[in-house]
Amino acid sequence: MSALLHFGRFEMLRLIRSWKFLLITVGFPVTFYMLFLGDRRSGEVVAAGSVTWREYLMVAMCSFGCLVAGLTAGGGRLAAERVGGWARQLRVTPLPTWSYVMVKTATSMLVMLPVIVLVEVVSAGFGDVRLAAGRWIELTLVMWVTGLPFAELGVLIGFVAGVETAFPVITALMFVLGYFGGLFNPVSAMPSPLRTAAHLLPSFHGAAAGLSVVNGRPAGLSDWLTLAGYAVGLSALVAWRHRTEEMKGLA
Amino acid sequence: MTAVMVDGLIKRYGGLRAVDGVSFEVDDGEVFALLGPNGAGKTTTVEILEGFRGRDGGQVRVLGMDPADPANGQRLREGMGVVLQELAVEPFLTVRQALRRNAGYYPRPRPVDEVLALVGLEAKADSRIKNLSGGQQRRLDLGLGIIGNPSLLFLDEPTTGFDPTARRGAWDLVRALTGGGTTVILTTHYMDEAEALADRVAVINSGRIVAEGTPQSLGGRDVGETRIRFGLPPGRQVSDLPVAASSVTASSGRTGTSGGTGASGGTGASGSGGQVEIRSDRPVEVLAALTTWALREGVDLAGLTVERLTLEDVYLRLTGYRSGPGELAAVSAEGDSTR
């Protein structure tokens with residue numbers, strides 16, 4: 001346990017040192033928010049429960065920000081680290097590899113928090129979104145928790161993909177999960193087959209959970225169950241990948 | 001006590017037996033070198049010992065544990081240090097931070113400052129790792145290998161890419177460590193490195209150990225043949241010598257002229273100066289005959305040297321290296337021209 005915390009401390013240090021990465025990851029979703037808000041700042045209702053576009057976009061960009069942070073912090077950085085030789089350097093130490101996986105997942109989750117808060121701040125200031133104080137806190141926590149599958153997905157990509165394949169895979173996933181999950185446009189505006197497909201994606205259910213909070217309702221059970229299914233499934237995949245790699249030599 | 005015991009180790013890749021019945025033991029505090037060409041099975045063997053590869057047969061004990069049993073992984077890694085062949089690129093941490101980070105994974109690490117001093121990186125302690133030179137990064141790798149105060153250290157080609165000064169420094173470091181009782185398993189391509197560091201050497205070829213012994217006695221080196229070399233005196237033929245030469249090469253840039261010398265009847269072929277090499281397991285007799293002849297004839301044996309086979313000679317012979325046709329051609333050409 002102390003080795004885990006020790007390792008985590010140095011991962012935080014490494015994260016802070018990579019400020020360029022942080023700046024882009026945190027700045028990306030708010031920039032999108034302001035761009036997409038455009039002239040639709042008015043109270044145009046786009047989703048059930050009289051959710052306006054500016055509210056919808058806030059939740060969508062929180063979700064998209066978590067997606068980007070999870071994929072790049074986990075996938076991109078981890079793949080680069082493995083190629084750079086540091087993952088091997090760690091494997092020859094007594095640090096258990098599961099703590100490596102845990103710390104990497106936690107690091108991705110940590111990056112998501114400022115992403116969410118910044119989108120909320122800009123939504124309130126620039127997009128005139130108004131929520132009760134308790135709602136803001138609830139929304140922050142819900143959006144953060146829904147980021148877990150994205151963090152795990154990133155770590156899995158980092159483990160499976162090489163550094164050359166990681167980036168195309170990340171880009172494709174950002175598009176697929178972002179667009180088809182309804183993060184750029186409400187799913188209700190999509191043709192029916194796509195609407196059905198959206199219900200299979202964690203990005204859709206993450207945003208749906210956030211929209212429930214905006215509507216003043218608890219997030220739906222089906223949203224939580226789908227997200228939990230993804231979280232459990234992805235961690236099983238990471239664990240499996242991990243075990244198969246363990247005895248395949250250092251090269 | 002035995003630090004490492006390997007008995008009948010087998011590892012297959014598909015139909016290929018990469019490791020085919022390797023056995024050896026390494027005592028506590030010993031430096032054991034594994035030599036062999038690329039693809040001989042060195043790395044596979046070492047990775048099995050480190051617990052990063054499974055095996056298909058045989059017994060292995062490392063620090064008293066079976067490295068293939070995942071239950072031993074933690075304890076094994078606490079007791080061993082591994083210096084990897086390729087350097088790691090860490091863009092964000094300084095040398096001291098990387099050492100402190102890794103120190104935290106071990107129950108009884110060496111003090112970071114002690115390691116910095118041992119690998120000679122005190123002046124670079126607060127530099128980012130990405131700003132180190134290649135040699136400095138390799139020394140950091142060495143430092144990371146010993147930060148956990150291991151009782152068994154694996155060194156995989158530890159001085160590849162070092163300049164001569166840095167190599168001597170690394171050797172001194174390894175000697176200092178073994179002076180403190182650390183067991184070392186070393187793989188290297190440098191014969192002088194094995195000779196300088198190792199207590200015992202095993203040569204592995206095609207998955208089998210083909211010879212094992214001290215660097216001084218490997219492959220019968222201590223009792224085997226001796227090599228005597230000198231320049232052929234001006235105006236003399238190889239056939240004039242009182243003993244048979246094993247090989248004769250013309251002096252630099254004149255390889256093609258030996259036939260011509262013979263054709264001119266050997267009359268005053270001044271300065272032809274071929275290099276003569278004689279291999280013998282009775283060097284005293286050969287030298288006595290040679291020097292007696294030279295004194296009687298009043299000629300000099302320029303650059304006379306007497307050598308045992310080098311470790312490299314033995315290694316090349318054991319790993320099946322055959323010298324190219326050039327040398328043999330030179331001998332036969334000279335032989336024809338002098339008879």
Side-chain angles (χ1 to χ4, degrees), chain A residues 1-23 72-73 76-104 107 111 162-163 239-240 242-251, chain B residues 11 13 18 43-48 50-55 67-70 72-94 97-109 128-130 137 140-141 143-145 147-148 150 153-154 156:
Chain A
M1 196 61 198
S2 71
L4 176 82
L5 293 176
H6 180 85
F7 175 57
R9 212 156 54 86
F10 279 93
E11 278 304 294
M12 288 309 114
L13 182 65
R14 295 182 71 245
L15 187 66
I16 292 163
R17 290 261 170 91
S18 56
W19 58 270
K20 286 179 204 159
F21 162 79
L22 279 179
L23 204 69
T72 53
R77 280 164 57 97
L78 209 139
E81 252 175 65
R82 282 158 52 79
V83 170
W86 273 97
R88 269 191 310 161
Q89 184 61 257
L90 275 180
R91 279 185 63 197
V92 302
T93 73
L95 179 78
T97 342
W98 57 261
S99 49
Y100 180 69
V101 173
M102 275 183 65
V103 167
K104 289 294 169 189
T107 308
V111 178
V163 78
W240 164 78
H242 194 239
R243 246 198 319 277
T244 55
E245 209 176 50
E246 192 84 310
M247 292 305 278
K248 273 166 88 179
L250 276 172
Chain B
K11 177 70 187 177
Y13 294 125
T43 308
T44 302
T45 303
V46 168
E47 285 188 351
I48 290 169
E50 292 166 349
F52 294 115
R53 223 172 255 285
R55 61 175 187 267
D69 184 351
N72 293 327
Q74 177 88 8
R75 217 152 54 85
L76 186 65
R77 274 162 231 186
E78 283 174 3
M80 75 178 194
V82 178
V83 177
L84 297 165
Q85 207 181 107
E86 289 149 53
L87 46 95
V89 185
E90 162 61 70
F92 302 118
L93 297 181
T94 66
Q97 283 164 343
L99 286 169
R100 263 179 43 213
R101 177 175 80 170
N102 281 30
Y105 309 146
Y106 296 90
R108 288 170 303 279
R128 294 280 179 92
I129 293 167
K130 62 176 174 182
Q137 293 206 8
L140 173 61
D141 287 343
L144 290 168
I147 188 76
L153 182 65
F154 291 95
D156 190 9

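Below, read A as the first sequence line, B as the second, and so on, with proteins coming before strands; counting in each chain starts at 1. For the numbers below, each heavy atom of this structure counts, side chains included, while hydrogens, waters and symmetry mates do not.
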#### Entry: Spacing of OG1 belonging to A/Thr93 relative to CD1 belonging to B/Ile147, to within rounding of 0.5 Å
12.0 Å
### Under 3.5 Å: donor-acceptor pair, side chain of A/His6, backbone of B/Ala103
no
### Message
Using 0.5 Å steps for rounding, measure from the CZ atom of A/Arg9 to the CD atom of B/Gln97.
### Response
10.0 Å
### Summary
Correct closest heavy-atom pair for B/Gln74 and A/Pro96 would be OE1-CG, 3.8 Å
### Task
For B/Leu93 and A/Arg14, work out which heavy atoms get closest and say how close.
CD2-CG, 3.6 Å
### Task
Using a cut-off of under 4.5 Å on heavy-atom pairs, state which of B/Phe92, B/Phe154, B/Tyr106 scores highest against chain A.
B/Phe92
### Summary
So, the part of B/Arg100 with a heavy atom under 4.5 Å from chain A: the answer is both
